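The structure displayed is predicted, hence computed values, not measured ones. Note: hydrogens, waters and symmetry copies are ignored here, and every other heavy atom, side chains too, is used. Labels below follow one simple rule: chain letters A, B, ... track the order of the sequence lines, proteins then strands, and each chain is numbered from 1.
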Amino acid sequence: MLEIKNLHASVENNEILRGIDLTINAGEVHAIMGPNGSGKSTLAHVLAGREGYQITQGEAIYEGKDLLAMLPEERAREGVFLAFQYPVEIAGVSNMYFLRAALNAIRKHRGLDELDAMDFLKMVREKMKLLDMDETLMNRPVNEGFSGGEKKRNEIFQMAVLEPKLAILDETDSGLDIDALRTVSEGINRLRGPERAIVLVTHYQRLLNYVVPDFVHVLSEGRIVKSGGKELALELEEKGYAWLEESAEPMKSGVNP
Amino acid sequence: MTAAKEMPTHFLSSFARLEHQLGQGGDAWFHRVRKEAIGRFAELGFPTTRLEEWKFTNVDPIARMPFHSAEFRADGLPTERLAELPLAHAAFEQRCSRIVFVNGHYNPQLSSRDLPDNLIASSLASAIERNTPSVKQHLARHASVQHQAFVALNTAFLQDGAFIEIPSGVTLDAPIYLLFVSTADEPIASHPRSLIIAGDNSQATIVEDYLSVGTGVYLTNAVTEIVAGENSVVEHYKLQDENEEAFHVATVQVHQARSSIFTHHSISFGGALVRNDVNVALDGEGAQCTLNGLYVTTHKQHVDNHTVIDHIKPHGTSRELYKGILDDRSSAVFNGSIIVRKDAQKTDARQSNKNLLLSENATIDSKPQLEINADDVKCSHGTSIGHLDEDSVYYLRSRGIGAKEARSVLTYGFANDVLNRMKLDAVRVRLECALLARMSGGHTQLEGL
Ligand SMILES: Nc1ncnc2c1ncn2[C@@H]1O[C@H](COP(=O)(O)OP(=O)(O)OP(=O)(O)O)[C@@H](O)[C@H]1O
Ligand SMILES: [Mg+2]
């Protein structure tokens, strides 16, 4: 589904991603962990199409297409979804309007009819119930005045409505209490399926207890320094990242360990 | 660049012609008011940019243009041309009492036939003719001929407009809709003058709507005096969506008595050069005033909003929010003055002006002016000028919404709180449509925004 090869990206001549290689197949769940500032969110935004990054080397092929050449809205319409680490507040635009405009843009792209207000509302109500969301949030401006947890839930709710093929969730679990974490995890698991792939960016094992990943990768200083199965996350929880950064050094200088 | 004071010769000779036309008949008092006004206007001349109040708005183009007076024509405006107007939708049209003015003159054909019995509404011309006592009591007593050249000019040419008197204790269910249409086929100057008197404990909603058919240059120089009696509730809309050649200068002068509630919505979409003066005197204890404004400009439009909220008596409250959306090479001015007099203790005044610049070439001059002479008051003001937030644009796009639509949705969102304060759904919906059409070429869906 997604093949990232030797991806280098800079912001204002600061290289932040320094050669990422990652292959994600349909049906898989990947977790990306790593210390603060290692480039996790940068990778997520580069894939979602935010402006301001220079791609200096490498490529990302999504379903056979050059992902990095597409506009952000085209990527979304093709099924890429990013749950933001810091969701943006949009004054004066209701959640309802926003989501319906988004869904209809995506449906149109897929050759489907636009949903009318009634059908949309019905569908939205169901999904809100599943995520245990207060219905009044629909009529409020997007994320404005939402608590941290409400914002995160709203991201997952959007994902549930838009049904992406490739969902990248950037620290959706941060700042959630255990009950919220459970409902959010359920929302993620419900999306899991053979045609979809999920990338979870997280700092904590906690989420991975509920959404069990197939692969875990450690990102450090813009590179994936270790990949493994779900047990890697447990190991990281126990030992932290320091041992990886040390063992990563020789790899960087090209000396075999 | 300051303009030299120009003698308003055109208007002076027009005035002489009008005097001749009106002849010796008519009311002496009324004649005197007009004569004094032209005298004062001749002294004042058109304002120049050397005057603080006109620093950013150069009215030279108005002074130079050889306008002629709008004459009353019985044929008025063919009904089919009304189709050109972006009127509020039919439900509103049917529910309200409509009074139509064409080039400043009352047009009975286009106006509602049956006005509610509990309301005195007519053309000002006929109210003057009928010697209505409240006209003499209030007309030209509130808007200052002494200091405001355009008010003096309007008063000198005062002939017609709306006269509305809501008797004490009456609540009007349906809004009164005053439509001022200009047929912009020739460079005419019209000076519509309206007087709205809300009796004690009365309640009414009045919409003034300024529109044009045709695309040529003309001048609207309007003055509206509003007298809000004790405990009255007046909601006043002033909508301006004239063609982009039009000059539009308007003064709304409000006098509020004790415990009255006055709300004003000022919308400026059209016009080449627009100047709005809204002056409110809170001249009774516990009066409440809300000014709510939205100006949307593009191309080379220039819109200047000057407001003065004068807290004269204690316990007054004022809330002012003006928002501007400026595109292309357009420019706007916001000058919001709040005066708190010595006796106006416990005044609570808040003012905010927010501007969204959609182009690097658009300019805004925003200036709050607080003059506070009492010590136990709450006053706050704030100004902001900004561009669309690129993170917000990206957020919308990352959900599949196209770049252009994302920008128009965000722009709309910026204006939304001003529109949401409007109680009349029909007016709000019309403005929403107009706004979205301007932003996006009209393809954005509206419902549920
Ligand atoms: N727009 C930007 N301008 C300058 N530097 C940036 C920008 N975006 C990211 N960076 C820098 O790039 C590095 C990686 O940031 P990124 O947000 O991708 O880290 P992260 O792994 O997501 O961290 P966290 O776990 O704290 O969320 C940091 O050093 C950050 O300061
Ligand atoms: Mg991050």
(message) Given 3.5 Å as the limit, does a donor-acceptor pair link the side chain of Arg428(B) with the main chain of Met422(B), or not?
(response) yes
(message) Given heavy-atom pairs under 4.5 angstrom as the criterion, report whether the side chain, backbone, both or neither of Asp391(B) touches chain A.
(response) both
(message) If we count only N and O atoms by modelled type, under 3.5 Å, do the side chains of His302(B) and Asp304(B) hold a donor and an acceptor together?
(response) no
(message) Just to be sure I understand the criterion: a residue of residues 44-56 of chain A counts if one of its heavy atoms is under 4.5 Å from a heavy atom of chain B. Which ones qualify?
(response) His45(A), Ala48(A), Gly49(A), Arg50(A), Glu51(A)
(request) Check each atom of Asp116(A) against the heavy atoms of chain B and say whether the ones under 4.5 Å are side chain, backbone, both or neither. (result) neither
(request) Name the option with the most non-hydrogen atom pairs under 4.5 Å to chain B; the candidates are Pro164(A), Ala105(A), Ala91(A). (result) Ala91(A)
(message) Which atoms of Leu82(A) are under 4.5 Å from chain B, going by heavy atoms: the side chain, the backbone, both sets, or neither?
(response) both
(message) Under the rule for salt bridge (charged side-chain N to carboxylate O under 4.0 Å, His left out), what residues qualify as partners of Arg399(B), not counting sequence neighbours?
(response) Glu155(A)
(message) Could you tell me if Lys354(B) sits above the aromatic ring of Tyr322(B), with its cationic atom closer than 6.0 Å to the ring centre and no more than 45 degrees from the axis?
(response) no
(message) Whether the Glu28(A) and Asn25(A) side chains hold a donor-acceptor pair (N or O, under 3.5 Å, no angle test) is what I'd like checked.
(response) yes
(request) Go through Gly400(B), Ala415(B), Ser392(B), Ser398(B) and name the one with the most non-hydrogen pairs under 4.5 angstrom from chain A. (result) Gly400(B)
(message) Please determine whether a side-chain nitrogen of the Lys or Arg among Glu126(A) and Lys122(A) lies less than 4.0 Å from a carboxylate oxygen of the Asp or Glu.
(response) no
(message) Going by the rule salt bridge (charged side-chain N to carboxylate O under 4.0 Å, His left out), which residues pair with Glu74(A) if we only count those two or more places apart in sequence or in a different chain?
(response) none
(request) Identify which part of Ala406(B) has an atom lying under 4.5 Å from any heavy atom of chain A, answering side chain, backbone, both or neither. (result) neither
(request) Check whether Leu419(B) gets within reach of chain A through its side chain, its backbone, both or neither, counting any heavy atom under 4.5 Å. (result) neither
(request) Just jot down the salt bridge (charged side-chain N to carboxylate O under 4.0 Å, His left out) partners of Arg421(B), sequence neighbours excluded, or say none. (result) none
(request) Quickly, which of Lys165(A), Lys65(A), Arg110(A) forms a side-chain hydrogen bond (donor to acceptor under 3.5 Å, both in side chains) with Glu78(A)? Name it, please. (result) Lys65(A)
